[in-house]
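Have a look at the structure below, then the notes.
Order of listing sets the numbers, starting from 1, for every ligand and every atom in it.
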Amino acid sequence: MSLSAEALTKTYRIGRHAVSALDGVDLELLPGQGLGVVGPSGSGKSTLLHILIRLIEPDAGRMVLEDAEVTRGALRDFRRAVQFVPQDPASSLDPRRSVLSQVREPLLRLGVTGDHDSMVRTALNRVGLPDRLIAQRASGLSGGEAQRVAVARAIVTAPRYVLADEPTSGLDAPLRLQVLDLLSELRAQGVGVLLVSHDLSGVNRVCTYLLVMARGRIVESGDLTAVMNDPQHPVTRTLVEAVPRIRG
Ligand code: ADP
Ligand code: MG
């Protein structure tokens, strides 16, 4: 079982100008695995993630989910199994609407049958929130609660894989750590988590395996601790040097 991609390629064309954003990227995300994707700005991280959630189509390459090729036509089951956590998750909530109506949204959109209220309660509990928040408007939530509600919305369909693109950008330190720890908890519950970031220290909190991207390619990969202790590629070295270290 896994979500895997082979030889993903994407070129953006603007008029006569062509930008190669992804150039033959392979990866595999396993259930319960934390996979970090790091790289400088413009290296193709968001393009990769947008293809992995099928927000955009690759020019070439294939994706396989649990042994079945992912095709353009049959995306409903795929979208239940693979969900997305946006940047600064809480800002994706509508302050005027209730927690219930927002966390339930993916169930309605994807035509999931069953007891939606109970699925929403389960999702809230999984991110450490009490049931009683269900009727509250998002405007009444604390910053930390709102981030959790937004993650609850991503897991209400019980996805096996959760993909996040810089989910902590724009957050202050305590909220940042809360979102990262939440992703770690999901991983401990058996969800495969792919975390895209330009910040290796955040990735280090959630992931055990690392892919380093530069100019649309994976330039280094391996066990996260091993890569951090002995980076080979200059891009990886720069990212490792940027991690604040506590020296004894
Ligand atoms: P990252 O997330 O690592 O910063 P992106 O995937 O956003 O990288 O971008 C990779 C490359 O593709 C960059 O050169 C970027 O300018 C270009 N790019 C990204 N999105 C578009 C788009 N919609 N149209 C044209 N070029 C794009
Ligand atoms: Mg990006």
- prompt: Under a 4.5 Å cut-off applied to non-hydrogen side-chain atoms, are V149 and Q136 in contact?
  reply: no
field: Side-chain heavy-atom pair V103, I134 within 4.5 angstrom cut-off
entry: no
Do [X] side-chain atoms and [Y] backbone N/O form a donor-acceptor pair below 3.5 Å?
X	Y	answer
Q83	P159	no
N125	L129	yes
R205	L183	no
R54	T71	no

At less than 4.0 angstrom from any non-hydrogen atom of [X], what atoms of ligand 1 do you find?
X	result
I14	25 (C)
A21	10 (C), 11 (C), 12 (O)
P40	3 (O)

task: Would you check if there is a donor-acceptor pair between the side chains of R153 and S92 at a distance under 3.5 Å?
output: yes
query: With no hydrogens and no angle check, do the side chains of E28 and Y209 hold a donor and an acceptor under 3.5 Å apart?
result: no
message: Please determine whether any non-hydrogen atom of G42 lies less than 4.0 Å from an atom of ligand 1.
response: yes
- prompt: So is S20 close enough to ligand 1, meaning a heavy atom under 4.0 angstrom away?
  reply: no
- prompt: Got an N, O or S from S41 under 2.8 Å of the Mg ion (ligand 2)?
  reply: no
Atom 13 (C) of ligand 1 protein-contacted, heavy-atom criterion under 4.0 angstrom: yes
- request: Ignoring hydrogens, tell whether any protein atom lies closer than 4.0 Å to atom 16 (O) of ligand 1; use the non-hydrogen atoms only.
  value: no
How far is [atom] from its nearest protein heavy atom, and which residue and atom name does that atom have?
atom	value
atom 8 (O) of ligand 1	G44 N, 3.1 Å
atom 23 (N) of ligand 1	Y12 CE2, 3.7 Å
atom 3 (O) of ligand 1	K45 NZ, 2.8 Å
atom 7 (O) of ligand 1	S46 CB, 3.8 Å

- prompt: What is the distance from atom CG of L107 to atom NE2 of H116, rounded to the nearest 0.5 Å?
  reply: 4.5 Å
- request: Look only at interatomic distance and state if V19 has a nitrogen or oxygen under 3.5 Å from any nitrogen or oxygen of ligand 1.
  value: no
statement: Among D165, V38, T47, T11, the residue with a heavy atom nearest to atom 9 (O) of ligand 1 is T47
